[in-house]
**Student:** 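If you scroll down you'll find the structure; I have some questions about it.
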Amino acid sequence: MNILDKIIFDKQREVVLKKSIIPVSQLESSVFFGRETISLSQKLKISSSGIIAEHKRRSPSKSVINHNFTVEEVVKGYENAGACGISVLTDGKYFGGSLDDLLLARASVNIPLLRKEFIVDEYQILEAKAYGADLILLIAAVLTREEIKSLSEFAKKLGLEVLLEVHNQEELEKSIMPSLDMIGVNNRNLKTFEVSLDFSKQLASQIPDEFVKVSESGISSIEAISELRPYGYNGFLIGENFMKTDNAGQAATEFIKQLNI
Ligand SMILES: O=C(O)c1ccccc1NCC(=O)[C@H](O)[C@H](O)COP(=O)(O)O
């Protein structure tokens, strides 16, 4: 089993357990359930920076990144820095995140929030809405075309945008459908952890123009953004590069300031 298989195996069991503890009716009674969501794709289309900054305490590829900040400090820092949106990892076992992180982030900022999760079931999309997300991630590597269709349509009915993540041509070809808003190319192979911006460069021309293009992972310099923009990318998802510093918000501020010059 590779790491992605392990994560999905654990996630499926976690969802079964959570469903037995918290009924859908309880999620639907959350104060955030009826909240009008904010569009990340629209913000990315007009933004000069396109940064989606991530709250990420640890990861399978890097182990501990940073446990020293509160989620509020990080997300407020990102919002003040001018990030277009914030990705909040909610997986506990592998990333040290939680749905409470998402809730605290929602209570702290007014920019789009991505529930960064390994989504395998509609129940997790209901959770995303109940805990204040504006969009969800679907990972093509772990879903069939039919699952991507039904999960993305379900998310859209709840007013959530959908970022579909791919890593190669096969995943992209099976996934293209109208119920997606953004297509993200992950520069990290989630099975081997190899990271290269070439994955974004190679797939860009095959992503239809109606989808906002996002490049994800392994981005740590202004030069990387300058290299990716000509390929049509409007969004850049950055986690570790900010989170590994003593002040994630300050690191994002300095990064975004250089992009806006
Ligand atoms: O980051 C990992 O090690 C990882 C391993 C297995 C599955 C997913 C993983 N990361 C999720 C992400 O997509 C990244 O957190 C995100 O794109 C930001 O990447 P980075 O800027 O390199 O922290």
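Start at 1 and go down the list; that is how both ligands and their atoms are numbered. Positions are given from 1, in the same order as the sequence printed here.
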**Student:** Report yes or no: does a heavy atom of Lys62 sit under 4.0 Å from some atom of ligand 1?
**Tutor:**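 Contact absent.
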**Student:** Does Phe193 come within less than 4.0 angstrom of ligand 1, counting non-hydrogen atoms of the residue?
**Tutor:**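 Phe193 counts as a contact of ligand 1 under the 4.0 Å cut-off.
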**Student:** How far apart are the C-alpha atoms of Ile219 and Asn241, what are their side-chain angles, what is the distance that settles it, and do they pass the side chain to side chain contact (heavy atoms under 4.5 Å, CB included) test?
**Tutor:** CA-CA 7 Å; Ile219 299 172; Asn241 186 56; over 6 Å; no
**Student:** May I have the step-by-step check of side chain to side chain contact (heavy atoms under 4.5 Å, CB included) for Ile3 and Tyr94, ending in yes or no?
**Tutor:** CA-CA 10 Å; Ile3 186 71; Tyr94 296 92; 3.9 Å; yes
**Student:** Counting non-hydrogen protein atoms only, what is the nearest one to atom 7 (C) of ligand 1? Give residue, atom name and distance.
**Tutor:**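 For atom 7 (C) of ligand 1, the nearest protein heavy atom comes out as Leu190 CD2, 3.5 Å.
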**Student:** Taking only Lys NZ, Arg NE, NH1 and NH2, and the carboxylate oxygens of Asp or Glu, determine whether Lys116 and Glu54 approach each other closer than 4.0 Å.
**Tutor:**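 Yes.
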**Student:** Can you tell me if Thr90 and Arg115 form a side-chain donor-acceptor pair at under 3.5 Å?
**Tutor:**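 Thr90 vs Arg115: donor-acceptor pair found between side chains.
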**Student:** Does atom CG (Asp246) have a neighbourhood of more than 12 heavy atoms from anything else shown, all under 6.0 Å?
**Tutor:**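 No, the 6.0 Å shell around CG holds no more than 12 heavy atoms from other groups.
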**Student:** I'd like to know whether NZ of Lys201 has more than 12 heavy-atom contacts from other residues, nucleotides or ligands below 6.0 angstrom.
**Tutor:**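 Buried by this count: over 12 neighbours within 6.0 Å.
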**Student:** Mind checking whether Ile3 has a heavy atom under 4.0 Å from ligand 1?
**Tutor:**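 No; Ile3 lies far enough from ligand 1 that no heavy-atom distance drops under 4.0 Å.
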**Student:** May I ask you to list the atoms of ligand 1 that are less than 4.0 angstrom from any heavy atom of Ile238?
**Tutor:**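 So the answer, numbered in order with elements, is 21 (O).
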**Student:** Tell me which protein heavy atom sits closest to atom 15 (O) of ligand 1, plus the residue, atom name and distance to 0.1 Å.
**Tutor:**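 So the nearest neighbour among protein heavy atoms is Glu54 OE2, 2.5 Å.
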**Student:** Out of Ser63, Ser59, Gly239, Ser215, whose heavy atom is nearest to atom 21 (O) of ligand 1?
**Tutor:**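 That would be Gly239.
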**Student:** Does Leu4, backbone or side chain, put an N or O under 3.5 Å from an N or O of ligand 1?
**Tutor:**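 In this structure, Leu4 places no N or O atom under 3.5 Å from an N or O of ligand 1.
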**Student:** Does Asn234 form a side chain to side chain contact (heavy atoms under 4.5 Å, CB included) with Val214? I'd like the steps, not just the answer.
**Tutor:** CA-CA 6 Å; Asn234 285 334; Val214 178; over 6 Å; no
**Student:** Walk me through whether Glu117 and Leu137 qualify under side chain to side chain contact (heavy atoms under 4.5 Å, CB included).
**Tutor:** CA-CA 7 Å; Glu117 182 54 87; Leu137 180 81; over 6 Å; no
**Student:** In this structure, does ligand 1 have an atom that sits under 4.0 Å from one of the heavy atoms of Arg188?
**Tutor:**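 It does, in that a heavy atom of Arg188 comes within the 4.0 Å cut-off of ligand 1.
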**Student:** Looking at atom 2 (C) of ligand 1, what's its closest protein heavy atom, distance included?
**Tutor:**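 Among all protein heavy atoms, the one nearest atom 2 (C) of ligand 1 is Ser61 OG, 3.5 Å.
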**Student:** Please tell me if the side chains of Leu160 and Lys129 come closer than 4.5 Å, counting only heavy atoms from C-beta onward.
**Tutor:**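 Heavy-atom side-chain distance check passes, below 4.5 Å.
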**Student:** How far is atom 17 (O) of ligand 1 from its nearest protein heavy atom, and which residue and atom is that?
**Tutor:**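 Going by distance alone, atom 17 (O) of ligand 1 is nearest to Ser217 OG, 2.6 Å.
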**Student:** For ligand 1, which atoms have a heavy atom of Asn186 less than 4.0 angstrom away?
**Tutor:**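 Selected atoms, number and element: 13 (O).
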**Student:** Would you say Asn241 and ligand 1 have an N/O pair spaced under 3.5 Å apart?
**Tutor:**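 Not met; the criterion fails.
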**Student:** What protein heavy atom lies closest to atom 1 (O) of ligand 1? Include the residue and the distance to one decimal.
**Tutor:**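 Checking every protein heavy atom, the shortest distance to atom 1 (O) of ligand 1 gives Lys56 NZ, 2.9 Å.
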**Student:** Of His167, Glu165, Glu171, which is the lone residue that meets side chain to side chain donor-acceptor pair (under 3.5 Å) with Asn186?
**Tutor:**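 Only one option passes, and that is Glu165.
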**Student:** Short list, please: which atoms of ligand 1 are under 4.0 Å from a heavy atom of Gly218?
**Tutor:**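 Within the 4.0 Å cut-off of Gly218, ligand 1 contributes 20 (P), 21 (O), 22 (O).
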**Student:** Nearest protein heavy atom to atom 13 (O) of ligand 1, by residue and atom, and its distance?
**Tutor:**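 The closest heavy atom on the protein side is Lys116 NZ, 2.8 Å.
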**Student:** Can you confirm if the aromatic rings of Tyr131 and Phe32 lie within a centre distance of less than 6.0 Å?
**Tutor:**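 Here the rings of Tyr131 and Phe32 have centres that are no less than 6.0 Å from each other.
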**Student:** Considering the heavy atoms of Glu240, write down every atom of ligand 1 situated less than 4.0 Å from one of them.
**Tutor:**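 That gives atoms 20 (P), 21 (O), 23 (O) of ligand 1.
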**Student:** Distance to 0.1 Å, residue and atom name: give those for the protein heavy atom nearest to atom 9 (C) of ligand 1.
**Tutor:**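 Of every protein heavy atom, Phe95 CZ, 3.4 Å lies nearest to atom 9 (C) of ligand 1.
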